[in-house]
Amino acid sequence: MQVSRIKAPALFNLSHSLECGQVFRWRKIGEFWYRVLGTGAVKLRQVGIYLEFEGSEGIDWHGIIGHYFRFDDDLKSIVRTISRDKFVSDAISAYRGLRLLRQDPWECMLSYICATNTNIPQIERTIDNLCRKFGRRIRFDGKEFYTFPRAETLAKASISSIRECKAGYRAEFIKATAESIVEDASIFDQIRSCTYEEAREELLKFQQQKVFKGIGPKVADCVLLFSLDKLEALPIDVWILRIIVREYANLFNKEFLDKIKTRGSLTFKDYSTVSKTMRGYFGGYAGYAQEYIYNYARNLL
DNA sequence: ACATCCCCTTAGCC
DNA sequence: AGGCTAAGGGGAT
């Protein structure tokens, strides 16, 4: 094992990218960030314009890291197109260099199924329990890590054993989703090649057929944005909704605004309306705008 | 102590 | 068809 380094693009901030709530399971130990990526573990830190890293043997970390951190995104140009007002511009300045990640779709999907109707510490605990119980242990840099469980493993697991990971009623959604993925592992490649609208339909169509249980509009948007290259996807959770109502009220008519304000959450149809409006406003990189705003709002408001 | 509310939503019922 | 409500668990109040 030896230290390598990769030149990061001009606009890149490792901590902002890992701490913005889009991904789970990164561990900061000392100056380094650690995580299992695929079948191996890696540690990295940012030093000036370089990203220093060491990883498990026999893996092309150079390629994986550039791909994972979306170094192929022209962030400078993206930021320019989404800077539509002072609020988002301030958010972008506050989190300069925040990049979306290109996560593994299976892990991303399962993680966000675990993330419904709960809080972040709880989500992390459940995912960690699943990995410890159903993943493979890896030793790296004198520390223990676990791989994310394979779909085959969770498809075979009993609902009660998944429930023991503190997954609650989500246990049956996890098993059902795992079974669907085992049945058709090419589904993610198919979805990736679709347009955003087609891809979203595809994920939610499965929902109607009771295949991908636990995936509604919000989780679908998370999976599309964080793992399937649909950068116009704009996941709307309670926080984003609060910010939209507060900072972007002028984009909606009064009756609609009053309706969603009093309810505090969105119906399926209202979600689509808000989502479409915000996508129209921010454009094809609306997902990047969402991530900056989300972070800004959670930490500063 | 103890109850109650809150939390990065969705499925299922009516 | 669209709106309401329950769902698990832990921490804060």
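Lettering follows sequence order; numbering is per chain, from 1. All values derive from a computational prediction rather than experimental measurement.
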Are A/R200 and A/S272 close enough that some pair of their side-chain heavy atoms sits under 4.5 Å apart?
-> yes
Between P of B/dC8 and CG of A/L266, the distance in whole Å = 15 Å
Looking at the side chain of A/K259, which of C/dG2, B/dC8, C/dG3 is the nearest nucleotide?
-> C/dG3
Roughly how many Å is it from OH in A/Y169 to P in C/dG9, rounded to a whole number?
-> 11 Å
Under-4.0 Å side-chain N/O to phosphate OP1/OP2 contact, A/R170 with B/dT10 | no
Is the closest side-chain heavy-atom distance between A/V182 and A/R150 below 4.5 Å?
-> no
For B/dT10 versus C/dG11, give the span between their C1' atoms, rounded off to a whole number of Å.
-> 23 Å
Between C/dA6 and B/dT4 - P atom distance, rounded Å = 15 Å
Spacing of the P atoms in C/dG3 and B/dC8 (rounded, Å) | 24 Å
Kindly state whether the ring of A/Y112 and the ring of A/F24 have centres lying under 6.0 angstrom apart.
-> yes
Between A/I260 (CD1) and C/dC4 (P), how many Å, whole number?
-> 15 Å
On a plain distance test, is the side chain of A/Y112 in donor-acceptor contact with the base of B/dC8 below 3.5 Å?
-> no
Judged by modelled atom types alone, do A/Y285 and A/D73 share a side-chain donor-acceptor pair under 3.5 Å?
-> no
Take the protein atom CZ of A/R298 and the nucleotide atom C1' of B/dC6, then report the distance between them rounded to whole Å.
-> 12 Å
What's in the same ILVMFWY side-chain cluster as A/I64, cut-off under 4.5 Å, chained through other members?
-> A/I6, A/F12, A/L14, A/L18, A/V23, A/W26, A/W33, A/L37, A/V42, A/L44, A/L51, A/F53, A/I59, A/W61, A/I65, A/Y68, A/F69, A/F71, A/L101
Please determine if A/K230 forms a cation-pi arrangement with A/Y196, meaning its NZ or CZ atom is less than 6.0 Å from the six-membered ring centre and no more than 45° off the ring axis.
-> no
Pair A/T177, A/S180: side-chain N/O donor-acceptor within cut-off below 3.5 Å = no
Hey, is the side chain of A/K213 poking within less than 4.0 Å of OP1 or OP2 on B/dG12, counting only N and O atoms?
-> yes
Could I get the full list of side chain to side chain contact (heavy atoms under 4.5 Å, CB included) partners for A/E164, not counting sequence neighbours?
-> A/K133
A/E107/A/R25 salt bridge by N-O under 4.0 Å criterion | yes
Would you kindly check if the NZ (Lys) or CZ (Arg) of A/R137 is within the cone defined by 45 degrees around the ring axis of A/Y146 and under 6.0 Å from the six-membered ring centre?
-> no
Counting only Watson-Crick and G-U wobble pairs with both atom distances below 3.5 Å, the stems of 3 or more consecutive pairs that include DNA chain B are B:3-7 with C:9-13, B:9-14 with C:2-7
If you find the nucleotide of DNA chain B closest to A/R242 and the one closest to A/E172, which residue's nucleotide is nearer the 5' end?
-> A/R242
Considering the options A/L241, A/T273, A/T267, which one meets the side-chain contact (heavy atoms from CB on, under 4.5 Å) requirement together with A/I260?
-> A/L241
Is there a donor-acceptor contact under 3.5 Å linking the side chains of A/N13 and A/Y95?
-> no
Which residues within residues 118-129 of chain A lie with some heavy atom under 4.0 Å of an atom in DNA chain B?
-> A/T118, A/N119, A/I120
Looking only at side-chain atoms of A/W239, point me to the closest of B/dC8, C/dG2, B/dT10.
-> B/dC8
Selection: residues 160-167 of chain A, any non-hydrogen atom under 4.0 Å of DNA chain C | A/R163, A/K166
Closest to the 5' end of DNA chain B, once A/C222 and A/F173 are matched to their nearest nucleotides, is A/C222
Separation of A/I243 atom CD1 from B/dC8 atom P, in whole Å?
-> 12 Å
Between A/S186 and A/Q190: side-chain donor-acceptor atoms closer than 3.5 Å | yes
Could you tell me whether A/R139 and A/E57 have a side-chain N and a carboxylate O separated by less than 4.0 Å?
-> no
Do A/M109 and A/I159 share a hydrophobic cluster (ILVMFWY, side-chain heavy atoms under 4.5 Å, transitive)?
-> no
Note: contacts of residues 224-236 of chain A with DNA chain B (heavy atom, under 4.0 Å) are none
